[in-house]
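Written below as structure tokens is the structure these notes are about.
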Amino acid sequence: MDGNSDCGKSLSIDWDTDDELEIESMPFSSGVGPATACQEAFAGCGEAGSSNGSQTSRTIHHFVGMGFPKDMVVRAMKENGEKDIEAILEALLTYSAIEDLPLEEEHVSDDSCSSKCASNHPDLLSDQNNFPIDEENTHYSIDKDGTISVLVEMGYQAEEASIAIDRCGLDTPVAELSDFICAAQMAKEADFHLEKHTEAYIPKDKRKILRTEAWNLKRPKGIVKEQMVQDDEEFRLPNPMTGFGVPSETWNIVHRTLPEAALGPPYFYYENVAMTPRGVWSTISRFLYDIAPEFVDSKYFCAAARKRGYIHNLPIHNRFQILPPPPLKIHETFPHTKKWWPSWDARDQLNCLLTCVGSAKLTERIRNKLEESAGEPPVHVKKYIMEQCKRWNLIWVGKNNAATIEPEEIEILMGFPVNHTRGVNRTDRFKALGNAFQVDTVGYHLSVLKSLFPGGINLLSLFSGIGGAEVALHRLGIPLKNVVSVELSEPCQTIVRNWWEETNQKGNLIHVADVQEVTAERIAQWISRFGGFDLVIGGSPCNNLAGRNHVSRDGLEGKHSSLFFDYFRILDLVKSMMSQY
DNA sequence: CCAATAATGAGAGTAGTT
DNA sequence: AACTACTCTCATTATTGG
């Protein structure tokens, strides 16, 4: 596909104009820069001194994690002493400024890679066959033990190395493994900084007591809560959760100042659940160029709640809704339920649509309880039924019939075409829809792109799922020129492909299964082919963040949710490559 | 201030079905 | 045997109500 014809236009957008001015009326604490945050995290870790490995190696991989090449870090430490973190950082910043060159040797002949980020990817230049191009820390290996020992030499713990290899794959370049470990480390230490780390090893029932004790110990009485929250760099969820404005309440639309590093191209849009374990959003924000999250509840866009945080560098004025806007009440959305809705069920909106729904047995139990009591049921029965209805989002579709919501109905609520997910089994439909964007909400935020890209956009869609981003852009009337959609689930891929056909898309759709396959080299190829990406969008897995998960709510380090670091890695690569244009 | 309440893109194991 | 549906599990947050 061509699609390059008006790339010049896409890239000539003036990123420094207008709305990066004035007021910040959101109740966020202002984030600190990544460097400062890392230092603090480091200090916190050092004080506690609980992990193995020498101070030196930890210092090294800390700075490597911040994006400085290892040899430069070593040099800075030699010249400034190993303990003066401030001086080392200062020196590193100076070197980088002086050299103003790609920082790692293998990048010398190539200027398309970041010179300041954690993602220095040697595979940009190496050929596809994993040739050992070597130079210090760029080894390729096919045996795990060998790779581990290389990483250990670099100052990592064997256990970390092993996890990284399992996670990234055996043939992953060492530098990439190093990136992975650093990213995980930074997250871990950020958590540690927030005094969560120790809790992982304490039985759950004792946590509450210990936390209270630690809290009291650390903070003298009389310090107001806001102050403590500020100290811990927490983001507080706004109430009402309307972000920079929703259609019904547009008066709080404001201008905002974005940190310079956050400016595009490309524009980017990141999404995840609002209610995460403590400290997760501040970590995400720190990685995503210190942009404060915009927390929005989709109950202002449709008849179901959906509390999500969005981090993006889009303009925020002149937003508009996808038309027609869906109704906000259950009875308007599903008129057939009105007839059967008991007077004592006061709900007019649904709770968050999840990945699984209640069983038919539950509906049966509720029916039985209601039939036992002729007329209005007793208070305790009503209470039980209401609990179940709210928990499982049941709707009244017949006499005494509180049924689970159908996939088609979820599609309507989520802003997808009816039967968008048809063709895969019911369970998978619920799962995919439960994980999807609410199209009207995301569309509202993305609407500002329409006037910026009249000729359409090139889209990099990570963790695409059932294509919420694509559907939102299409419904906004923004043509999709080239779309790279990264999604592991086959049913989801099929759904997006089918939608692409059914809506007669003129553009070019490329599917990639695994974010791990999105290497610097492939990104470089796409960018040169398409003339760059205009939008990098994605919501990384929330499994380990979601409140409903009592089993493995491990935070950003979790098995699935750690894929956030791939979002960052890929975004940062695109950013640095695009800045070369 | 504290206790009760409500909400929450889940996961693992098991029973039932094709 | 593979797939699908159901049950049981129980924690961390934010909010509400006194």
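In this text, all values refer to a predicted model and were calculated from it rather than measured experimentally. Within every chain, numbering begins at 1; the chains are lettered A, B, ... in the order of the sequence lines, protein sequences first and strands thereafter.
Comparing the same atom, C1', in C/dC10 and in B/dA6 gives a spacing of 15 Å after rounding to whole Å.
As the counterpart of B/dT17, C/dA2 is assigned, both hydrogen-bonding distances of the Watson-Crick or G-U wobble pattern falling under 3.5 Å.
Following rounding to the nearest Å, A/Arg391 (CZ) and C/dC6 (P) show an atom-to-atom distance of 15 Å. When the P atom of C/dT12 is taken as reference, atom CG of A/Leu237 falls 17 Å away, rounded to whole Å. A straight line from NZ of A/Lys559 to P of B/dG11 spans 9 Å, rounded to a whole angstrom. When the C1' atom of C/dC6 is taken as reference, atom CD of A/Glu364 falls 15 Å away, rounded to whole Å. A/Asn435 places its CG atom 7 Å from the P atom of B/dA10, with the value rounded to the nearest Å. To the nearest angstrom, C1' of C/dT7 lies 12 Å from CD of A/Gln388. Distance CD (A/Glu387) to P (B/dT5): 9 Å, rounded to an integer number of Å. Distance, A/Arg553 CZ to C/dT12 C1': 5 Å, rounded to whole Å.
When each of A/Asn543 and A/Met275 is assigned the nucleotide of DNA chain B bearing its nearest heavy atom, the one mapping closer to the 5' terminus is A/Met275. Each of A/Arg365 and A/Gly547 lies near DNA chain C, and the nucleotide nearest A/Arg365 is the one positioned closer to the 5' end. Both A/Asn549 and A/Asn425 sit near DNA chain C, but only A/Asn425 has its closest nucleotide nearer the 5' end.
Nearest to the side chain of A/Pro277, among C/dT13, B/dG11, C/dC6, sits C/dT13. Comparing B/dA10, C/dT7, C/dT4 by their nearest atom to the side chain of A/Ser359 picks out C/dT7. Minimum atom distance to the side chain of A/Asn239 is reached by C/dT15, of the listed B/dT8, B/dA7, C/dT15. Nearest nucleotide to the A/Arg278 side chain, out of C/dT7, C/dA5, C/dA14: C/dA14. Here B/dT8 is the nucleotide among B/dT8, B/dA12, C/dC10 with the atom lying nearest to any side-chain atom of A/Cys352. Closest to the side chain of A/Lys307, from the set B/dT8, C/dT7, B/dG11, is B/dT8.
Among the protein residues, A/Gln438 comes within range of no part of the nucleic acid, since none of its heavy atoms lies under 4.0 Å from any strand. The residue A/Asn351 sits close only to the backbone: its heavy atoms come under 4.0 Å of sugar-phosphate atoms, none of a base. Across all strands shown, A/Thr404 has no heavy atoms under 4.0 Å from either base or sugar-phosphate atoms. Counting any heavy atom pair closer than 4.0 Å across all strands shown, A/Lys431 reaches no nucleic acid atom.
Between A/Thr355 and B/dA10 there is a side-chain N or O to OP1 or OP2 distance below 4.0 Å.
Taking the centre of each ring, A/Phe287 and A/Tyr567 stay at or above the 6.0 Å mark. No close placement of the A/Tyr270 and A/Phe568 rings is indicated, their centers lying 6.0 Å or farther apart.
Both cation-pi conditions hold for A/Lys575 and A/Tyr289: the charged atom is under 6.0 angstrom from the six-membered ring centre and inside a 45 degree cone around its axis.
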Problem set entry | Stepwise ring pair (Phe, Tyr, Trp, His ring centres under 6.0 Å) check, A/Trp281 with A/Phe295 | CA-CA 11 Å; A/Trp281 271 110; A/Phe295 291 107; 5.4 Å; yes
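With hydrogens and angles ignored, the 3.5 Å screen pairs no side-chain donor or acceptor of A/Asp554 with any backbone N or O of A/Glu557. Using a distance-only test at 3.5 Å, with no hydrogens or angles considered, no donor-acceptor pair links the side chain of A/Arg429 to the main chain of A/Val424.
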